[in-house]
Amino acid sequence: MIHALDEAAERLGLYIGQPLANARAMCPDLRVFDADPVADAKTLSDIADWCDRFTPLVALDPPHGLFLDITGCAHLFGGEAALLQTLVRALARQGFAVSAAIAGTSVCARTLTRQATGTIVADGGEAEAISPFPVSALGAGEAITTGLRRAGLKTIGDVASREPHEITARFGARFSTLLAHALGQGDAPINPRKPLPDYIVEKRFAEPIATDTMIAMTLSRLADTLIASMEKQGKGARRLEAAFFRTDGVVRAITVETGRPVTRSAVIDRLFRERLDALADPLDPGFGFDMVRLSASRTEIVVQEQRDLDAHVHDNDELAALIDRIAARIGGKRVVVHLPQDTHIPERAVWSAPAQHHLTAAMQAEWPVRTESEPPLRPLRLFDKPEPIKVPFATVPDGPPHQFTWRRALHAVVRVEGPERIAMEWWRQDGKQLTRDYFRIEDAEGLRFWIFRDGLYEGEVFDGDGKPASPGWYVHGLFA
Amino acid sequence: MSGARGSALAILRGQIERIETAEIVHQRDRVALGHSEADSALKGGLARAAIHEVFCEGRQGAAATGFVTGLAGRVSARRPLLWVRQDFSEIETGALSMSGLAELGLDPRRVVMVRAADVESALRTSADALACDALGAVVLELWGEIRQFDLVASRKLTLAAQGSGVTGLLLRMAAQPLPSTAETRWMLRAAHSPPGSVWSAWGAPVFDAELLRNRHGPCGRWIMEWNCDECQFSEPSTYPQPVAAAPAHRQDPAVLQQRRAG
């Protein structure tokens, strides 16, 4: 079946949805390519990225449409006509066949692109502009379009001349809403791909820039402007995005996040420098960038603190700034602080949370108090997954081993303390967990281990025949 | 030794002396570890604003971690501690457990952990962090022999530490000690718990710490016990095991005055 075709094929009378065999019969030397909807969607989204240069509100209209909300943006490009011309020409230069139109409502604009590309309809002129077009331009679906034609309603004007309730009764409420929107009565909201950033600054270049120094300079100037506009409203940025628009249409966006609102442009500058330095696939300027945009997509109100002699507050700020820099370089999930959890299971006792978001909580966390004059009861190093050890025998069934093999080395047990029995939390739904008996052990060399027997003797572990089996032993941690 | 060579050596020593005096400003700031012999060898304690290296064999990783944790607890003085580690060391010796850290008497609230994927980013992160004077100490935990950690990298860390006054602690597991710009270099092994009744409270961390290099004093080897309640090192109360004597080549203070460099 034909999924898409070019102009030449269209002239031959082929149409979308036609079986391939029929098309081949009409035109034996037809060149056929497999449809790739995923690549099509990707291309559309790339074009949408590129269109971000005109307005931050770009919505996808699959399979091959884009809505741009240019409210308040047109004057930046010399008016609506100039904007439309710039957009169409630039996309044509990239090898796309474009039909574009501007209208007061998205549905109306879409209808126009199907019949009269390049049209600009002023507010209120929608009905008049689209009434001569055939009903198929509304894109209401095969059944409705055929139905309208059978009813003798050939143009949109014909349909509009009918009473709305008649249309609704015959073709459904959805169609009548679509029609109303096309005629400029109300509008369907478009669904922009990205939320509108709180603050945007951008710089365009007549001559594309490509060098690192120029890029860095541009970013720091943009940061100055951004900070200035945020400062007026007492805001600081928590997430910043820099978008680099390449002349050939490729757009690269780089995001940095911060733990607390940023109010200094030098900080933004440094974060981006760290991020750009650490990129696995560096920013490729190609033939240069013709536009750079810096936007603050998440902002917070900054509480202006009285900076007195409280060095502690200052230290915390410095630490947060350091964490932001490291996170910008190696990723926010790799810098963590620790929060105690209310559980006895050793591997779940601590939650490693991203430091950028949980620094304050971690600084104020309540940790269990250790017992005075007791040796450490929890190991300093804990294995993520307990490692199995070989225990030849234990004198008492419930007792600790006399020796064990871990990582191919035999350890003779000299001192033992235990058992400390830790029962699993039965209310958790992650499989049957066995009761563990933990022992603190010192070997002949002075190395200390935290080992456990997984399961009770003759109580929890069974072999295939249902007879009691000997439970497994594991090393869970190492004491200092 | 000929006279000309001797005087050339004397001139070089003088130059090194002058270079090193620049460091002395910070070096006065020392933290006593609590173990009297070690403190006297260290001229009062572990120097802040410098790099200290702790080496150990692979299987002694936990003991060395305990020692480094103790040092960090001593020098950081209630300021935040940044612990940088590479992914691989966590697989080998397990992750640093905050419950265990709390059991040693340290405060897990002040620990920020950086999970660096590789050595390069770990080194870079620690150099950055050492320049941030809000921190008390930076621990860099590395596993195995590391080509990237050469004299240049080591010097970079030292300069950053001197500039900010932050102490850098390098935990080098499964690595051989090599020349570097570190202020002190230790070799760590776990020591037995003091002998005695099996049921008496055993298990306080005991270290067999060998000071391999000390830029401003003699070396030595001691059994050091970490006191979890008082957060300091101490001599084990009863420890009849013989301890190796301090190496002969670094014990005379007069000789030391001449051999400051190297």
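Below, chain A is the first sequence line, B the second, and so on; all start at residue 1. Since the model is a prediction, treat every value here as computed from it, not as a measurement. Because only heavy atoms are used, hydrogens play no part in the values below, and waters and symmetry mates are left out as well, while side chains stay in.
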Please classify the contact between [X] and chain A as side chain, backbone, both or neither, with a heavy-atom cut-off of under 4.5 Å.
| X | result |
| --- | --- |
| D118(B) | neither |
| A117(B) | both |
| R189(B) | neither |
| L135(B) | side chain |
| F67(B) | neither |
| L82(B) | side chain |
| E92(B) | both |

Taking all non-hydrogen atoms of both residues into account, name the closest pair between [X] and [Y] and its distance.
| X | Y | value |
| --- | --- | --- |
| L101(B) | L380(A) | N-CD1, 3.8 Å |
| R448(A) | P205(B) | NH1-CA, 3.4 Å |
| I330(A) | A116(B) | CD1-CA, 4.5 Å |
| P376(A) | A204(B) | CD-CA, 4.3 Å |
| L319(A) | A134(B) | N-CB, 4.1 Å |
| E318(A) | D133(B) | OE1-OD1, 3.0 Å |

Non-hydrogen atoms of chain B under 4.5 Å away: do they reach the side chain of [X], the backbone, both or neither?
| X | value |
| --- | --- |
| L447(A) | both |
| A444(A) | backbone |
| I323(A) | side chain |
| L322(A) | side chain |

Test item: S352(A) and R115(B) side chains (from C-beta on) under 4.5 Å apart, heavy atoms: yes
With a 3.5 Å cut-off and sequence neighbours excluded, list the donor-acceptor pairs that the side chains of residues 361-369 of chain A form with protein atoms.
none

Test log, rule side chain to side chain contact (heavy atoms under 4.5 Å, CB included), inputs V350(A) and S99(B): CA-CA 8 Å; V350(A) 178; S99(B) 319; 3.8 Å; yes
From [X] atom [atom1] to [Y] atom [atom2], the distance as rounded to the nearest 0.5 Å:
| X | Y | atom1 | atom2 | result |
| --- | --- | --- | --- | --- |
| T125(B) | R325(A) | OG1 | CZ | 11.0 Å |
| F383(A) | I91(B) | CZ | CD1 | 11.0 Å |
| R59(B) | R407(A) | CZ | CZ | 12.5 Å |

Heavy-atom pairs under 4.5 Å with chain A, option from G66(B), S121(B), P108(B), A64(B) with the top count: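 Heavy-atom pair counts peak at P108(B).
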Among R110(B), R109(B), Q60(B), R79(B), residue most engaged with chain A (heavy-atom pairs, under 4.5 Å): R109(B)
Sequence-distant partners of S220(A), side-chain contact (heavy atoms from CB on, under 4.5 Å), two or more places apart: D269(A)
Working for side chain to side chain contact (heavy atoms under 4.5 Å, CB included), residues L96(B) and H338(A): CA-CA 11 Å; L96(B) 183 74; H338(A) 307 89; over 6 Å; no
Neighbour count above 12 (heavy atom, 6.0 Å) for D229(B) CG: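 Enclosed.
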Winner by heavy-atom pair count (cut-off under 4.5 Å) against chain B, out of E372(A), R329(A), R440(A): R329(A)
Steps toward side chain to side chain contact (heavy atoms under 4.5 Å, CB included) verdict (R370(A), C228(B)): CA-CA 9 Å; R370(A) 68 170 240 99; C228(B) 303; 3.3 Å; yes
CA sep, side-chain torsions, deciding dist, call: E90(B), D384(A), side chain to side chain contact (heavy atoms under 4.5 Å, CB included): CA-CA 8 Å; E90(B) 202 153 282; D384(A) 195 27; 5.9 Å; no
Under 3.5 Å donor-acceptor, R381(A) side chain and G94(B) backbone: yes
Residue that, paired with V112(B), satisfies side-chain contact (heavy atoms from CB on, under 4.5 Å) out of V336(A), V335(A), I326(A):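 The side-chain contact (heavy atoms from CB on, under 4.5 Å) with V112(B) is passed solely by V335(A) among V336(A), V335(A), I326(A).
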